[in-house]
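It should be emphasised that the depicted structure is a prediction, and the values quoted were computed from it without experimental measurement.
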Amino acid sequence: MSFVSYQFIAFLAALLVLYYLLPKKLQWMLLLAGSLAFYAFSGPKYLIFMAITIATTYGAAVWIENIWGRQDAWVKEHKGIAREEKKAYKAGMTRKAKAVLILCLLTNLGILAVIKYTDFLLENLNGIFGTQFQLRHFVLPLGISFYMFQSLGYVIDVYRRKYPAERNPAKVALFTSFFPQVIQGPISRFDDLSKGLFAEHSFDSRNFYYGLLRVVWGFFKKLVIADRLAPVIATLTADTDKYPGVYVLATIFFYAWQLYADFTGGIDITIGVARMLGIPVAENFQRPYFSKNIAEYWRRWHITMGTWFKDYIFYPLSVSGWMLKISKKSREKLGAGLGKRIPVYISTIVVWFATGIWHGAAWNFIVWGMLNCLVLLVSQELAPLYRRFHEKCGFSNTVFWDCVQIFRTFWLMGLIRILDVYRDVPLTFRMVGTMFTTSNWGALTDGSFLELGATAADFIVAGVGVLLMFIVSLLAERKAIDARLDTKPVITHFILLWALILIVVVFGAYGIGYDATQFIYNQF
């Protein structure tokens, strides 16, 4: 069930009515039933995979919690025992808890690996060794990467004793399957989401209005901008020999806005629906196209995914025992300066390889991840030079230089992201090369762009939509939109909401029953 469909609108309307009519203590149970029903629309058989994740993460978390409970009870009963004996006992209990955690991780990540990466592995084995392994063509269950990472983060947090395990399996099931975010995130943390998810909520007109406004804003981004640009991207990549040079530059530009409108539009709908239910959900974007460098960009783009990789892979890996040994040897052989950075380099490479392969089982995603890693590490090493440059140049702290940095980061990220468009590494580099070898700038003015699956009216509507999106982002960068609107009269709120709805209805690019293009991040 797509967010941009009549079925979803009807489902959401019915659920909201029941949600506020039912006794408050039953609200979370209704959400669980609704979430499972929503997910079943993608195929009832895929509920099996979600059920495995729910069962294993619930069981592992409770098991680990029991181990910590036994440890605490034993320590309390043996206060006078020798320090070494106490230390040995704790080490033994930690090994047991870690074994449970590893078993849970291997089970879930093993399922994800088999479903998502089997064909990728077999294709590469066939290509390298000339084998004839038959591809399996497994269908990836909807949102499995998102809900699995969210659930595994919960188990890891229980292992770290950040909070106790949830004893009610139905509540763990709701945390895993909460329907607004199961498709494409955000990847929530249990201690954050559970506060609103299991609380009792009365109808709040302010929350409901701002939630609805954000949902419609998400529809606007998706239907007016992203889906209007989608045919252009499809045309530009369908016959690459026909569209070299300036068309590649246009592809970078158009895809940047299509992806941003598509992904943030879906997240806006997620956060808006949750807010209508009275449930706060973490923000996943903070206007990334205003970033002045790639590190800042990744602090603003898909925030919950970035923090997940940082908290559960980067930090544990960089301070692990064997990494500390590598650091020590590196200091001895390479000097203190370089040696202390080796663990950071290795951990960063691992994280970006994992980020790339998480996005898709293909080499273009791996290369995409490694290019991001390369730019980040090079930028980090050149940071002292940047600082000296800024100290000597008087224009470095001006609005002009800020705009130069933003422009540079936008195109650099777009250039790396083009690997996601062409989906073939050699082809991508060849197409990028044509920007320097093919001189066809006349296509910008001779009407050739009107043969890309969009009319002049389509480009105007999409362009005005992007401009509006940019203006709203600029306003939000300085002051939250909610705070701005709170000072306006009720009639302004009424006009704004209905004007936005009218714009979506009139200018939205949709088919029968809102059979719109699926959200790009659904594939992950």
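Between the Ser327 side chain and the Met323 main chain, no donor and acceptor come within less than 3.5 Å of each other. No donor-acceptor distance shorter than 3.5 angstrom exists from the side chain of Ser151 to the backbone of Thr53, with no hydrogens or angles considered. For the pair Arg484 (side chain) and Leu475 (backbone), a donor-acceptor distance under 3.5 Å is present. At least one donor-acceptor pair under 3.5 Å links the side chain of Ser5 to the backbone N or O of Phe8. A side-chain donor-acceptor contact under 3.5 Å links Tyr39 to the backbone of Leu142. With hydrogens and angles disregarded, no donor-acceptor distance shorter than 3.5 Å links the side chain of Asn207 to the backbone of Gly278.
Contact record, Leu122 with Arg136: CD1-CG, 4.4 Å, taken as the closest heavy-atom pair. For Phe138 against Val114, the heavy-atom pair with the smallest separation is CD1-O, 3.5 Å. Minimum heavy-atom separation, Thr348 to Phe314: OG1-CE1, 3.5 Å. When all heavy atoms are compared, the tightest approach of Ser188 to Phe175 is O-CZ, 3.9 Å. Taking both residues in full, the closest heavy atoms of Ile416 and Ile294 are given as CD1-CD1, 4.4 Å, listed atom of the first, atom of the second, then distance. Heavy atoms only, all atoms of each residue included: Val155 and Ala60 are closest at CG1-CB, 4.1 Å.
Atoms CD1 and CD, from Ile269 and Gln184 in turn, are 8.0 Å apart once rounded to the nearest 0.5 Å. Once rounded to the nearest 0.5 Å, the distance linking NZ of Lys171 with CG of Leu32 reads 11.5 Å. For the atom pair CG of Leu419 and CD1 of Ile366, the computed distance is 11.5 Å after rounding to the nearest 0.5 Å. Annotation: the span from Leu385 atom CG to Arg388 atom CZ amounts to 5.0 Å, rounded to 0.5 Å. Within the model, atoms CD1 of Ile326 and CD1 of Ile346 stand 4.5 Å from one another, a figure rounded to the nearest 0.5 Å. Considering NE2 of His302 and OG1 of Thr307, their distance stands at 9.5 Å, rounded to 0.5 Å.
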Pair Phe219, Lys222 - check side-chain contact (heavy atoms from CB on, under 4.5 Å), show working.
CA-CA 5 Å; Phe219 273 84; Lys222 171 65 174 169; 5.9 Å; no
As a quick check of understanding, evaluate ring pair (Phe, Tyr, Trp, His ring centres under 6.0 Å) for Trp358 and Phe146, giving each step before the final call.
CA-CA 10 Å; Trp358 177 86; Phe146 290 99; 5.3 Å; yes
Would you sort out whether Ser318 and Val344 count as a side-chain contact (heavy atoms from CB on, under 4.5 Å), showing the intermediate values?
CA-CA 6 Å; Ser318 59; Val344 176; 5.8 Å; no
Steps toward side-chain contact (heavy atoms from CB on, under 4.5 Å) verdict (Leu193, Gln150):
CA-CA 11 Å; Leu193 185 60; Gln150 179 165 297; 4.2 Å; yes
Side chain to side chain donor-acceptor pair (under 3.5 Å) assessment of Arg341 paired with Tyr345:
CA-CA 6 Å; Arg341 297 200 294 275; Tyr345 295 159; 3.0 Å; yes
Quick one: do Phe285 and Phe263 satisfy ring pair (Phe, Tyr, Trp, His ring centres under 6.0 Å)? Show the steps, please.
CA-CA 9 Å; Phe285 291 88; Phe263 197 6; 4.9 Å; yes
When you look at Leu485 and Leu213, which way does the side-chain contact (heavy atoms from CB on, under 4.5 Å) test go after all the steps?
CA-CA 11 Å; Leu485 291 176; Leu213 184 65; 3.8 Å; yes
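Counted within 6.0 Å of NZ on Lys96, heavy atoms from surrounding residues, nucleotides or ligands total 12 or fewer; the atom is thus considered open. Within a 6.0 Å radius of CZ in Phe41, no more than 12 heavy atoms belonging to other residues, nucleotides or ligands are found. Atom CH2 of Trp217 has more than 12 neighbouring heavy atoms from other residues, nucleotides or ligands inside a 6.0 Å radius. Residue-environment remark: NZ (Lys292) stays at or below the threshold of 12 foreign heavy atoms within 6.0 Å. Remark: Lys162 NZ is packed, more than 12 non-hydrogen atoms of other residues, nucleotides or ligands lying under 6.0 Å away.
In summary, the aromatic rings of Trp363 and Phe120 are positioned with their centroids under 6.0 Å apart. Separation of the Phe11 and Phe179 ring centroids falls under the 6.0 Å cut-off. For Tyr289 and Tyr260, the gap between ring centers is short of 6.0 Å. The ring of Phe203 has its center closer than 6.0 angstrom to the ring center of Phe208.
Partner of Tyr154 under the ring-ring contact (aromatic ring centres under 6.0 Å, His included) criterion, chosen from Phe190, Tyr58, Trp308: Phe190. For the side-chain hydrogen bond (donor to acceptor under 3.5 Å, both in side chains) test with Arg189, the passing option among Asp157, Thr304, Asp311 is Asp311; the others fail.
Residues satisfying the side-chain contact (heavy atoms from CB on, under 4.5 Å) test with Ile156, not counting sequence neighbours, are Leu101, Leu105, Arg160, Tyr312. For Glu283, the salt bridge (charged side-chain N to carboxylate O under 4.0 Å, His left out) criterion is met by Arg214, not counting sequence neighbours.
Side chains of Tyr163 and Glu65: a donor-acceptor N/O pair is absent below 3.5 angstrom, by distance only. Under the 3.5 Å distance criterion, with hydrogens and angles disregarded, no donor-acceptor pair is assigned to the side chains of Thr409 and Ser291. One side chain, Lys116 or Ser145, offers a donor N or O that lies under 3.5 Å from an acceptor on the other. For the residue pair Thr56 / Asn108, a side-chain donor-acceptor distance below 3.5 Å is found, with atom types taken as modelled. Side-chain contact check for Asn372 and Tyr297: no donor-acceptor pair (N or O, by modelled atom type) lies under 3.5 Å.
Counting heavy atoms from C-beta outward, Trp68 and Gln71 have side chains that approach closer than 4.5 Å. Counting heavy atoms from C-beta on, the side chains of Pro186 and Ile303 never come closer than 4.5 Å. The closest side-chain heavy-atom distance from Ser35 to Leu174 is below 4.5 Å. Two residues are said to be in side-chain contact when any heavy atoms from C-beta on lie closer than 4.5 Å; Lys328 and Leu324 fail this criterion.
Classified by interplanar angle (parallel below 30°, tilted 30° to 60°, perpendicular above 60°), the ring pair Phe3/Phe38 is tilted. Classification of the Trp352-Trp368 ring pair by plane angle, with boundaries at 30° and 60°, yields perpendicular. Between Trp298 and Trp301, the ring-plane angle classifies as perpendicular under the 30° and 60° cut-offs.
Ion pairing of Lys221 with Asp262 is absent here, as no side-chain N (NZ or NE/NH1/NH2) approaches a carboxylate O to less than 4.0 Å. We find that Glu85 and Lys90 are not joined by a salt bridge, their nearest charged nitrogen and carboxylate oxygen being 4.0 Å or further apart.
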Could you go through residues 13-26 and list every donor-acceptor pair under 3.5 Å that involves a side-chain atom there, pairing it with any protein atom two or more places apart or in another chain?
unit_1	atom_1	unit_2	atom_2	d
Tyr19	OH	Leu277	O	2.9
Tyr20	OH	Met276	O	2.5

